Protein chains: 2
Amino acid sequence: MSGVPELVVLRLLAQREMYGYEIARTLKVVSQGALTLGEGVLYPALHALETRGLLRALPRQVEGRTRIYYRLTPRGRRRLARLAANWQQLSEGVGRILGVADHD
Amino acid sequence: MSGVPELVVLRLLAQREMYGYEIARTLKVVSQGALTLGEGVLYPALHALETRGLLRALPRQVEGRTRIYYRLTPRGRRRLARLAANWQQLSEGVGRILGVADHD
DNA sequence: TCCTATACCTCGCCAAGCGAGGTATAGTCT
DNA sequence: AGACTATACCTCGCTTGGCGAGGTATAGGA
């Protein structure tokens with residue numbers, strides 16, 4: 001219905017390349033704790049997005065640790081636009097329902 | 001993650017008693033088409049909500065057809081408050097992610 | 001040595017979403 | 001009479017998604 005994890009991951013990566021752990025941290029900070037993706041959600045999501053050709057994986061060695069940076073592909077960018085529009089719709093729709101004084 | 005169907009159903013019923021078919025129609029109208037619950041979502045949701053004691057079912061015969069009106073219970077009202085707050089949180093969180101100019 | 005932080009991963013469960021199909025009545029149109 | 005539309009309910013079964021719990025490994029500080 002909402003596809004929030006996919007949406008927010010794509011949105012962050014539209015800014016710049018990031019690796020999984022970083023995405024998780026950033027999400028928490030930017031959303032002020034309102035949005036937290038557990039690793040059991042995040043990593044499978046990243047793999048799925050890569051498989052579907054929306055992300056490119058760029059593994060790098062940094063300070064002895066492996067980081068897999070992800071970069072948005074053009075398809076990913078289009079997908080993001082679609083999902084963002086959907087979210088906007090949904091969000092406004094729910095907003096209208098929540099805000100009904102009364103109807104019909 | 002979002003629990004949108006449950007939220008909007010409870011919200012509508014907080015206004016007044018309604019029956020399933022009516023809920024579906026109203027949802028569509030009020031949300032201006034942004035939000036549509038198929039019957040495969042709506043009816044199971046209503047049954048679940050009733051089982052969990054958040055709704056009371058009130059079957060009535062109207063013009064030769066059976067309508068099952070639903071009324072919010074006090075527990076349903078509390079649940080609605082909780083879900084609405086959650087939604088608010090989520091919605092704002094996603095909003096912040098979508099609106100990032102840049103961070104960190 | 002041990003703990004914490006960083007950084008990745010998968011398995012398996014449960015819940016949710018949702019299309020497709022089914023039943024039945026009332027009213028309208030041909 | 002027959003066909004079609006709108007109303008009104010229902011369930012089955014598939015697929016997706018979310019998510020906790022667990023596992024591996026390195027670096028650095030106590």
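In what follows, chains carry the letters A, B, and so on, assigned in the order in which the sequence lines appear, proteins first and then strands, with residues in each chain numbered from 1. Quick caveat, the model's predicted, so the values are computed rather than measured.
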- prompt: What distance separates A/Ile68 CD1 from A/His47 NE2, expressed to the nearest 0.5 Å?
  reply: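 Going from the CD1 atom of A/Ile68 to the NE2 atom of A/His47 covers 7.0 Å.
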message: Please report the interatomic distance CG(A/Leu13) to CZ(A/Arg77), rounded to the nearest 0.5 Å.
response: 9.5 Å
[X] versus [Y]: any side-chain heavy-atom pair under 4.5 Å?
X	Y	answer
B/Leu27	B/Leu42	no
B/Leu80	B/Leu7	yes
A/Leu35	A/Val4	yes
B/Val8	B/Ile23	no

- prompt: Listed in order of residue number, which residues of residues 46-57 of chain A have a non-hydrogen atom at under 4.0 Å from DNA chain C?
  reply: A/His47
query: Contacts to DNA chain C from residues 60-69 of chain A, heavy-atom cutoff under 4.0 Å, which residues?
result: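 Contacts with DNA chain C under 4.0 Å: A/Arg65, A/Thr66, A/Arg67, A/Ile68.
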task: Test B/Glu22 against every option in B/Arg65, B/Arg16, B/Lys28, B/Arg67 by the salt bridge (charged side-chain N to carboxylate O under 4.0 Å, His left out) rule and name the one that passes.
output: B/Arg16
- prompt: Salt bridge or not for B/Glu6 and B/Arg79, using N-O below 4.0 Å?
  reply: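 Yes, B/Glu6 and B/Arg79 are salt-bridged.
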field: Rounded distance (Å) that lies between atom C1' of D/dG18 and atom CG of A/Leu37
entry: 10 Å
statement: What one should report as the nearest heavy-atom pair of A/Trp87 and A/Ser2 is CZ3-CB, 4.3 Å
task: Please report the C-alpha distance between B/Leu55 and B/Leu72 in whole Å, then the side-chain angles of each, then the deciding distance to 0.1 Å, and finally whether the side-chain contact (heavy atoms from CB on, under 4.5 Å) criterion is met.
output: CA-CA 5 Å; B/Leu55 300 182; B/Leu72 213 58; 3.6 Å; yes
- request: Could you tell me from which nucleotide to which nucleotide of DNA chain C, 5' to 3', there is an atom under 4.0 Å from chain A heavy atoms?
  value: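 Range of nucleotides touched by chain A: C/dT6 to C/dC18.
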- prompt: Base, sugar-phosphate, or nothing: which does A/Gly20 touch, judged by heavy atoms less than 4.0 Å apart?
  reply: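 Touches sugar-phosphate only.
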message: If you assign each of A/Tyr43 and B/Val4 to its closest nucleotide in DNA chain C, which residue comes earlier from the 5' end?
response: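 Taking each residue's closest nucleotide, the earlier one in sequence belongs to A/Tyr43.
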